[in-house]
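Throughout, residue positions are numbered sequentially from 1 according to the sequence presented.
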Amino acid sequence: MGAHGSNLDDILEEDMHHWYTKFMRESPSGLITLFELKAMLDMTGMTEEASSYVDQVFFTFDMDGDGYIDFVEYIAAISLLLKGEINQKLKWYFKLFDQDGNGKIDKDEMETIFKAIQDITRIYDVPPEEIVNLIYEKVDVHGEGELTLEEFITGAREHPDIMDMLTKMMDLTHVLEIILRGQKKAIN
(Lines give C-alpha, C1' and ligand atoms only; values in the text may rest on other atoms or scores of the structure.)
Protein backbone atom coordinates (compact mmCIF):
# COMPACT_ATOMS: atom_id res chain seq x y z
CA MET A 1 0.00 0.00 0.00
CA GLY A 2 1.24 3.40 -0.83
CA ALA A 3 0.55 5.80 2.00
CA HIS A 4 2.46 4.80 5.13
CA GLY A 5 2.13 8.15 6.95
CA SER A 6 -1.46 8.83 5.86
CA ASN A 7 -4.45 8.80 8.12
CA LEU A 8 -7.12 6.17 7.58
CA ASP A 9 -9.28 8.58 5.54
CA ASP A 10 -6.49 9.02 3.00
CA ILE A 11 -5.77 5.31 2.94
CA LEU A 12 -9.42 4.52 2.32
CA GLU A 13 -9.66 7.01 -0.53
CA GLU A 14 -6.34 6.11 -2.14
CA ASP A 15 -6.51 2.38 -1.77
CA MET A 16 -10.13 1.30 -2.30
CA HIS A 17 -8.84 -1.23 -4.80
CA HIS A 18 -6.54 -2.68 -2.13
CA TRP A 19 -9.41 -2.83 0.39
CA TYR A 20 -11.39 -4.79 -2.17
CA THR A 21 -8.42 -7.03 -3.01
CA LYS A 22 -7.81 -7.70 0.69
CA PHE A 23 -11.48 -8.36 1.30
CA MET A 24 -11.66 -10.85 -1.58
CA ARG A 25 -8.34 -12.49 -0.64
CA GLU A 26 -9.48 -12.99 2.97
CA SER A 27 -12.98 -13.99 1.90
CA PRO A 28 -13.06 -15.31 -1.67
CA SER A 29 -16.78 -15.92 -1.25
CA GLY A 30 -17.23 -12.14 -0.94
CA LEU A 31 -18.57 -12.55 2.60
CA ILE A 32 -16.96 -12.29 6.04
CA THR A 33 -18.29 -14.42 8.87
CA LEU A 34 -18.06 -13.53 12.53
CA PHE A 35 -15.36 -16.19 12.94
CA GLU A 36 -13.30 -14.65 10.11
CA LEU A 37 -13.62 -11.17 11.62
CA LYS A 38 -12.38 -12.44 14.97
CA ALA A 39 -9.47 -14.17 13.21
CA MET A 40 -8.58 -10.89 11.44
CA LEU A 41 -8.60 -9.09 14.79
CA ASP A 42 -6.56 -11.84 16.45
CA MET A 43 -9.04 -12.32 19.30
CA THR A 44 -7.02 -15.06 20.99
CA GLY A 45 -6.77 -14.48 24.73
CA MET A 46 -9.47 -11.79 24.80
CA THR A 47 -12.03 -11.74 27.59
CA GLU A 48 -15.57 -12.97 27.08
CA GLU A 49 -16.78 -9.34 27.20
CA ALA A 50 -14.36 -8.31 24.44
CA SER A 51 -15.50 -11.25 22.35
CA SER A 52 -19.17 -10.39 22.84
CA TYR A 53 -18.40 -6.76 21.91
CA VAL A 54 -16.96 -7.92 18.59
CA ASP A 55 -20.09 -10.06 18.15
CA GLN A 56 -22.24 -6.96 18.71
CA VAL A 57 -20.14 -4.86 16.30
CA PHE A 58 -20.45 -7.61 13.69
CA PHE A 59 -24.23 -7.82 14.05
CA THR A 60 -24.67 -4.03 13.81
CA PHE A 61 -22.61 -4.00 10.60
CA ASP A 62 -24.48 -6.99 9.17
CA MET A 63 -27.15 -4.60 7.97
CA ASP A 64 -29.31 -7.17 6.20
CA GLY A 65 -29.04 -9.66 9.07
CA ASP A 66 -27.90 -12.58 6.89
CA GLY A 67 -24.99 -13.57 9.17
CA TYR A 68 -22.32 -12.24 6.81
CA ILE A 69 -20.67 -8.91 6.09
CA ASP A 70 -20.40 -8.37 2.36
CA PHE A 71 -18.12 -5.81 0.73
CA VAL A 72 -20.82 -3.11 0.60
CA GLU A 73 -21.55 -3.54 4.34
CA TYR A 74 -17.80 -3.60 5.04
CA ILE A 75 -17.15 -0.31 3.26
CA ALA A 76 -20.34 1.27 4.64
CA ALA A 77 -19.17 0.39 8.16
CA ILE A 78 -15.70 1.83 7.62
CA SER A 79 -17.16 4.93 6.02
CA LEU A 80 -19.61 5.44 8.91
CA LEU A 81 -16.82 5.16 11.45
CA LEU A 82 -14.52 7.54 9.63
CA LYS A 83 -16.84 10.01 7.97
CA GLY A 84 -20.32 9.52 9.41
CA GLU A 85 -22.45 12.42 10.58
CA ILE A 86 -22.82 12.82 14.35
CA ASN A 87 -26.43 11.58 14.37
CA GLN A 88 -25.51 8.53 12.27
CA LYS A 89 -22.71 7.64 14.67
CA LEU A 90 -24.91 8.18 17.72
CA LYS A 91 -27.60 5.92 16.25
CA TRP A 92 -24.95 3.27 15.59
CA TYR A 93 -23.54 3.64 19.13
CA PHE A 94 -27.06 3.26 20.51
CA LYS A 95 -27.67 0.11 18.48
CA LEU A 96 -24.36 -1.28 19.70
CA PHE A 97 -25.19 -0.54 23.35
CA ASP A 98 -28.74 -1.90 23.10
CA GLN A 99 -27.64 -5.51 23.35
CA ASP A 100 -31.08 -6.96 24.02
CA GLY A 101 -32.70 -4.90 21.25
CA ASN A 102 -35.49 -3.50 23.44
CA GLY A 103 -35.00 0.09 22.23
CA LYS A 104 -33.47 1.23 25.53
CA ILE A 105 -29.97 1.18 27.01
CA ASP A 106 -29.56 0.34 30.67
CA LYS A 107 -26.44 0.93 32.74
CA ASP A 108 -25.34 -2.72 32.60
CA GLU A 109 -25.48 -2.80 28.79
CA MET A 110 -23.41 0.37 28.50
CA GLU A 111 -20.91 -0.73 31.13
CA THR A 112 -20.44 -4.12 29.43
CA ILE A 113 -19.59 -2.44 26.11
CA PHE A 114 -17.15 0.00 27.73
CA LYS A 115 -15.40 -2.85 29.60
CA ALA A 116 -15.11 -4.79 26.36
CA ILE A 117 -13.67 -1.80 24.51
CA GLN A 118 -11.08 -1.36 27.25
CA ASP A 119 -10.16 -5.06 27.02
CA ILE A 120 -9.63 -4.74 23.28
CA THR A 121 -7.74 -1.43 23.36
CA ARG A 122 -5.92 -2.24 26.60
CA ILE A 123 -6.56 1.37 27.71
CA TYR A 124 -7.98 1.51 31.23
CA ASP A 125 -7.84 5.27 31.95
CA VAL A 126 -11.28 5.62 33.52
CA PRO A 127 -13.30 2.81 35.11
CA PRO A 128 -16.36 1.97 32.95
CA GLU A 129 -18.76 2.39 35.88
CA GLU A 130 -17.51 5.98 36.36
CA ILE A 131 -18.14 6.76 32.69
CA VAL A 132 -21.61 5.21 32.79
CA ASN A 133 -22.55 7.02 36.02
CA LEU A 134 -21.45 10.36 34.55
CA ILE A 135 -23.46 9.75 31.37
CA TYR A 136 -26.60 8.74 33.26
CA GLU A 137 -26.25 11.65 35.72
CA LYS A 138 -26.36 14.13 32.87
CA VAL A 139 -28.50 12.36 30.27
CA ASP A 140 -31.10 10.28 32.15
CA VAL A 141 -33.28 13.29 32.92
CA HIS A 142 -36.23 11.16 34.16
CA GLY A 143 -34.00 9.01 36.41
CA GLU A 144 -35.37 5.75 34.97
CA GLY A 145 -32.00 4.04 34.66
CA GLU A 146 -32.59 3.57 30.92
CA LEU A 147 -32.03 5.74 27.88
CA THR A 148 -34.14 5.82 24.75
CA LEU A 149 -32.55 6.66 21.41
CA GLU A 150 -33.96 10.18 21.61
CA GLU A 151 -32.62 10.75 25.14
CA PHE A 152 -29.24 9.33 24.16
CA ILE A 153 -28.86 11.54 21.08
CA THR A 154 -30.20 14.67 22.78
CA GLY A 155 -28.04 14.12 25.85
CA ALA A 156 -24.88 13.52 23.84
CA ARG A 157 -25.49 16.57 21.67
CA GLU A 158 -26.25 18.82 24.68
CA HIS A 159 -23.18 17.74 26.64
CA PRO A 160 -19.95 18.15 24.64
CA ASP A 161 -17.97 16.34 27.36
CA ILE A 162 -20.16 13.25 26.97
CA MET A 163 -19.97 13.46 23.19
CA ASP A 164 -16.19 13.70 23.41
CA MET A 165 -16.02 10.76 25.80
CA LEU A 166 -18.29 8.62 23.56
CA THR A 167 -16.28 9.54 20.49
CA LYS A 168 -13.01 8.54 22.15
CA MET A 169 -14.37 5.35 23.70
CA MET A 170 -16.17 4.22 20.55
CA ASP A 171 -13.31 5.02 18.19
CA LEU A 172 -12.72 1.80 16.24
CA THR A 173 -9.68 3.15 14.40
CA HIS A 174 -7.54 0.56 16.19
CA VAL A 175 -9.68 -2.20 14.63
CA LEU A 176 -9.24 -0.68 11.17
CA GLU A 177 -5.50 -0.35 11.77
CA ILE A 178 -5.27 -4.05 12.66
CA ILE A 179 -7.06 -4.89 9.42
CA LEU A 180 -4.79 -2.48 7.50
CA ARG A 181 -1.65 -4.05 8.97
CA GLY A 182 -2.95 -7.40 7.77
CA GLN A 183 -3.54 -5.88 4.35
CA LYS A 184 -0.03 -4.50 4.10
CA LYS A 185 1.45 -7.90 4.99
CA ALA A 186 -0.74 -9.66 2.42
CA ILE A 187 0.13 -7.17 -0.34
CA ASN A 188 3.90 -7.09 0.29
Side-chain angles (χ1 to χ4, degrees), residues 1 7-13 15-44 46-105 109-123 128 147 149 152-153 156 163 166-184 186:
M1 283 218 252
N7 67 26
L8 286 169
D9 263 354
D10 294 340
I11 291 168
L12 254 184
E13 288 173 18
D15 296 328
M16 186 62 73
H17 174 73
H18 293 293
W19 278 96
Y20 182 74
T21 303
K22 164 72 172 165
F23 183 87
M24 294 308 291
R25 186 177 295 128
E26 297 263 336
S27 302
S29 67
L31 304 169
I32 293 177
T33 64
L34 178 56
F35 177 80
E36 289 168 330
L37 178 63
K38 286 183 176 184
M40 269 188 215
L41 298 176
D42 190 22
M43 293 294 295
T44 52
M46 286 288 165
T47 64
E48 189 177 319
E49 285 170 334
S51 182
S52 79
Y53 169 70
V54 172
D55 293 354
Q56 190 74 4
V57 168
F58 180 87
F59 294 125
T60 60
F61 287 150
D62 178 15
M63 295 167 203
D64 60 9
D66 65 358
Y68 301 96
I69 295 177
D70 61 30
F71 185 68
V72 173
E73 290 168 328
Y74 179 75
I75 292 301
I78 291 168
S79 182
L80 168 70
L81 294 173
L82 295 178
K83 299 180 183 183
E85 303 272 323
I86 290 173
N87 275 357
Q88 291 173 315
K89 286 183 178 185
L90 287 171
K91 285 178 185 174
W92 183 77
Y93 297 163
F94 185 88
K95 187 176 176 184
L96 190 63
F97 287 129
D98 184 16
Q99 295 174 325
D100 61 10
N102 71 350
K104 296 180 180 181
I105 306 169
E109 287 174 315
M110 189 175 280
E111 193 173 313
T112 298
I113 294 295
F114 285 145
K115 281 181 185 173
I117 291 168
Q118 287 182 341
D119 287 343
I120 290 170
T121 61
R122 308 268 199 257
I123 299 170
L147 300 176
L149 176 62
F152 181 72
I153 290 175
M163 183 60 128
L166 284 170
T167 302
K168 285 179 184 167
M169 284 293 293
M170 302 302 292
D171 180 13
L172 296 182
T173 305
H174 60 281
V175 172
L176 298 178
E177 287 170 346
I178 290 168
I179 294 170
L180 273 174
R181 278 196 300 272
Q183 270 186 299
K184 287 179 183 178

Applying side-chain contact (heavy atoms from CB on, under 4.5 Å), name anything that partners Lys115, two or more places apart in sequence or on another chain.
Glu49, Glu111, Pro128, Glu129
Does Glu73 have any salt bridge (charged side-chain N to carboxylate O under 4.0 Å, His left out) partners at least two apart in sequence or in another chain, and if so, which?
none
All side-chain contact (heavy atoms from CB on, under 4.5 Å) counterparts of Phe97, not counting sequence neighbours
Tyr93, Ile105, Met110, Ile113, Phe114, Phe152, Leu166, Met170
Of all pairs that satisfy salt bridge (charged side-chain N to carboxylate O under 4.0 Å, His left out), the ones with a partner from residues 90-105, not counting sequence neighbours:
Lys104-Glu146
Rounded to the nearest 0.5 angstrom, the CG-CD1 distance for Asp62 and Ile32 is 11.0 Å
Do you know the tightest heavy-atom contact between Val57 and Leu96?
N-CD1, 3.6 Å
Taking side-chain contact (heavy atoms from CB on, under 4.5 Å) as the definition, give me every residue that meets it alongside Phe59, ordered by chain and number, with sequence neighbours left out.
Leu34, Asp55
Apply the test side-chain contact (heavy atoms from CB on, under 4.5 Å) to residues Thr33 and Tyr68: give CA-CA distance (whole Å), side-chain angles for both, the deciding distance (0.1 Å), then the verdict.
CA-CA 5 Å; Thr33 64; Tyr68 301 96; 3.6 Å; yes
Taking all heavy atoms of Ala156 and all of Leu90, pick out the closest pair and write down the distance.
CB-CD2, 3.8 Å
Quick one: side chain to side chain donor-acceptor pair (under 3.5 Å) partners of Thr60, sequence neighbours excluded?
Trp92
